[in-house]
Q: 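Here you go, one structure.
Side-chain atoms are counted along with the backbone in the values below, which use heavy atoms only and exclude waters and symmetry mates.
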Amino acid sequence: MKDDSDAMLVLSRATPTVEIATMNTQQMEQMGQFKITVWEEENFQGKRCEFMLECQNIMERGFHKIRSIKVENGPWLGYEYPEFQGQQFILEKGDYPRYEAWSGNSSYRTEHMLSFRPIKCANHSDSKVTLYECEDFQGRKFEMCDDYPSLQAMGWCSKEVPSIKVNSGAWVAYQFPGYRGYQYILERDRHQGEYRHYNEYSTQAHTNQVQSIRRIQH
């Protein structure tokens, strides 16, 4: 901890120094691809902490809350509660001076963000996802490789998407058109990219409404 700024650099929740010393070059390069700094107060004030790996509970670092964020290398996924639970918030490279910046146009706004992790499979130039009309990948399907601010405008005839398969990359799906409402982060390296039922989209998914979707920037 630096006495002048009350700052910490945290590599992981429980990574001993000797383990860092034995990392190979590839592991160190991968770790360097992700960096996020969080502050306890708005506008990048107060206690701050830098992370290069996941944080399962920011309160274990002596924080009461997170009120502002800078993502230097990403993307990252923030969660409302510890242990990666609750509402999800996509955090791409940039500054987030207040909680409204990461909750965006969500109809569900919360100041809480208590855990976060890097999204390692994001690849904006190589992303593909398949939407299905029914659960368990049944019924009519539609494959896409681009961003769609309105699924209905591109021909999807329903406000609902009961199941989704991520073929490559990482995506963020939204409850409403125009990238608004609840956010659901869908990754190729989670669930093997298979989301057979809407309740697998998120621990807080209460509906299968998905009306816009886009690739996650990296």
Side-chain angles (χ1 to χ4, degrees), residues 1-2 5-16 19-20 30-31 33-122 170-175 179-187 189-191 195 198-207 216-218:
M1 181 177 293
K2 300 176 183 178
S5 61
D6 196 22
M8 295 184 289
L9 172 62
V10 178
L11 297 177
S12 73
R13 194 165 69 106
T15 304
E19 191 172 314
I20 296 169
Q30 289 176 345
M31 189 171 64
Q33 294 176 4
F34 300 95
K35 184 179 179 181
I36 188 172
T37 306
V38 301
W39 281 263
E40 197 169 37
E41 304 299 337
E42 296 177 354
N43 298 311
F44 318 115
Q45 300 297 313
K47 183 185 294 184
R48 72 181 176 95
C49 192
E50 296 177 357
F51 291 83
M52 300 176 75
L53 296 175
E54 68 181 30
C55 174
Q56 296 188 27
N57 187 349
I58 193 64
M59 292 185 290
E60 293 181 352
R61 300 293 175 187
F63 280 64
H64 296 293
K65 55 189 177 294
I66 295 174
R67 300 300 295 274
S68 52
I69 298 170
K70 284 190 178 184
V71 178
E72 296 186 43
N73 293 305
W76 294 73
L77 176 54
Y79 292 84
E80 182 181 9
Y81 301 123
E83 307 296 332
F84 313 126
Q85 299 295 310
Q87 179 64 16
Q88 301 175 340
F89 304 101
I90 184 67
L91 300 167
E92 291 161 312
K93 188 174 182 179
D95 295 353
Y96 302 81
R98 290 172 51 85
Y99 78 92
E100 291 95 340
W102 63 74
S103 60
N105 294 318
S106 175
S107 56
Y108 176 80
R109 291 201 170 190
T110 175
E111 296 187 39
H112 293 163
M113 183 186 293
L114 299 177
S115 58
F116 46 87
R117 62 174 177 82
I119 300 174
K120 297 181 180 180
C121 65
W171 298 73
V172 52
Y174 295 83
Q175 183 182 7
Y179 311 128
R180 297 178 299 111
Y182 286 108
Q183 303 176 26
Y184 306 125
I185 283 66
L186 309 169
E187 301 161 89
D189 60 0
R190 300 273 166 164
H191 304 281
Y195 299 82
Y198 75 86
N199 60 14
E200 295 181 344
Y201 299 166
S202 163
T203 59
Q204 292 292 96
H206 302 301
T207 173
I216 291 177
Q217 298 277 355
H218 193 289

Q: Measure from the ring center of Tyr184 to the ring center of Tyr195 and say whether it is less than 6.0 Å.
A: no
Q: Does Arg98 offer a backbone N or O that forms a donor-acceptor pair with the side chain of Glu100 under 3.5 Å?
A: no
Q: Crowded around Lys65 NZ? As in, over 12 foreign heavy atoms under 6.0 Å?
A: yes
Q: Please report the interatomic distance CD(Glu200) to CG(Leu186), rounded to the nearest 0.5 Å.
A: 10.5 Å
Q: Are the side chains of Phe34 and Leu53 in contact, using a 4.5 Å heavy-atom criterion?
A: no
Q: Go through Lys70 and Glu72 one step at a time and tell me if the salt bridge (charged side-chain N to carboxylate O under 4.0 Å, His left out) criterion holds.
A: CA-CA 6 Å; Lys70 284 190 178 184; Glu72 296 186 43; over 6 Å; no
Q: Run the side chain to side chain donor-acceptor pair (under 3.5 Å) test against Asp95 and tell me which residues pass, sequence neighbours left out.
A: none
Q: Are any side-chain N or O atoms of Glu80 and backbone N or O atoms of Gln87, one a donor and one an acceptor, separated by less than 3.5 Å?
A: yes
Q: On a heavy-atom basis, which atom in Asn73 and which in Gln33 lie closest, and how many Å separate them?
A: CB-O, 3.0 Å
Q: Could you state the interatomic distance from CD1 (Ile36) to NZ (Lys93), rounded to the nearest 0.5 Å?
A: 13.5 Å
Q: Step by step, would you call Arg61 with Phe51 a side-chain contact (heavy atoms from CB on, under 4.5 Å)?
A: CA-CA 11 Å; Arg61 300 293 175 187; Phe51 291 83; 4.1 Å; yes
Q: Could you tell me whether a side-chain N or O of Thr203 sits under 3.5 Å from a main-chain N or O of Gly86, the two making a donor and an acceptor?
A: yes
Q: Minimum heavy-atom separation for Cys121 and Asp189, please, with both atom names.
A: SG-OD1, 3.4 Å
Q: Looking at side-chain heavy atoms only, is the closest gap between Ile216 and Glu92 below 4.5 Å?
A: yes
Q: Can you confirm whether Tyr174 sits close enough to Ile90 that some side-chain heavy atom of one is under 4.5 Å from a side-chain heavy atom of the other?
A: yes
Q: With sequence neighbours excluded, what pairs up with Phe84 under the side chain to side chain contact (heavy atoms under 4.5 Å, CB included) test?
A: Glu54, Gln56, Tyr79, Ser115, Arg117
Q: For Ile66 and Phe116, work out which heavy atoms get closest and say how close.
A: CD1-CE2, 3.8 Å
Q: Shortest non-hydrogen contact from Val172 to Gln183?
A: CG2-CB, 4.1 Å
Q: Atom CG in Leu114, atom CE in Met59: separation rounded to 0.5 Å?
A: 5.0 Å
Q: May I ask you to decide if Ser202's main-chain N or O and Gln204's side chain share a donor-acceptor pair within less than 3.5 Å?
A: no
Q: Of all residues at least two apart in sequence or in a different chain, which pass the salt bridge (charged side-chain N to carboxylate O under 4.0 Å, His left out) check with Arg67?
A: Glu42, Glu111
Q: Report the distance from atom CG of Asn57 to atom CD of Gln85, rounding to the nearest 0.5 Å.
A: 12.0 Å
Q: For Ile185 and Gln88, work out which heavy atoms get closest and say how close.
A: N-OE1, 2.8 Å
Q: For Met113, run the side chain to side chain contact (heavy atoms under 4.5 Å, CB included) check against Leu91, Val38, Ile58 and tell me which one passes.
A: Leu91
Q: Tell me whether His64 at atom NE2 has more than 12 heavy atoms from other residues, nucleotides or ligands lying less than 6.0 Å away.
A: no
Q: Take Phe63 and Cys49 through the test side-chain contact (heavy atoms from CB on, under 4.5 Å) and record every step on the way to the result.
A: CA-CA 9 Å; Phe63 280 64; Cys49 192; 3.8 Å; yes
Q: Determine the minimum heavy-atom distance between Pro97 and Ser68, stating which atoms define it.
A: O-CB, 3.4 Å
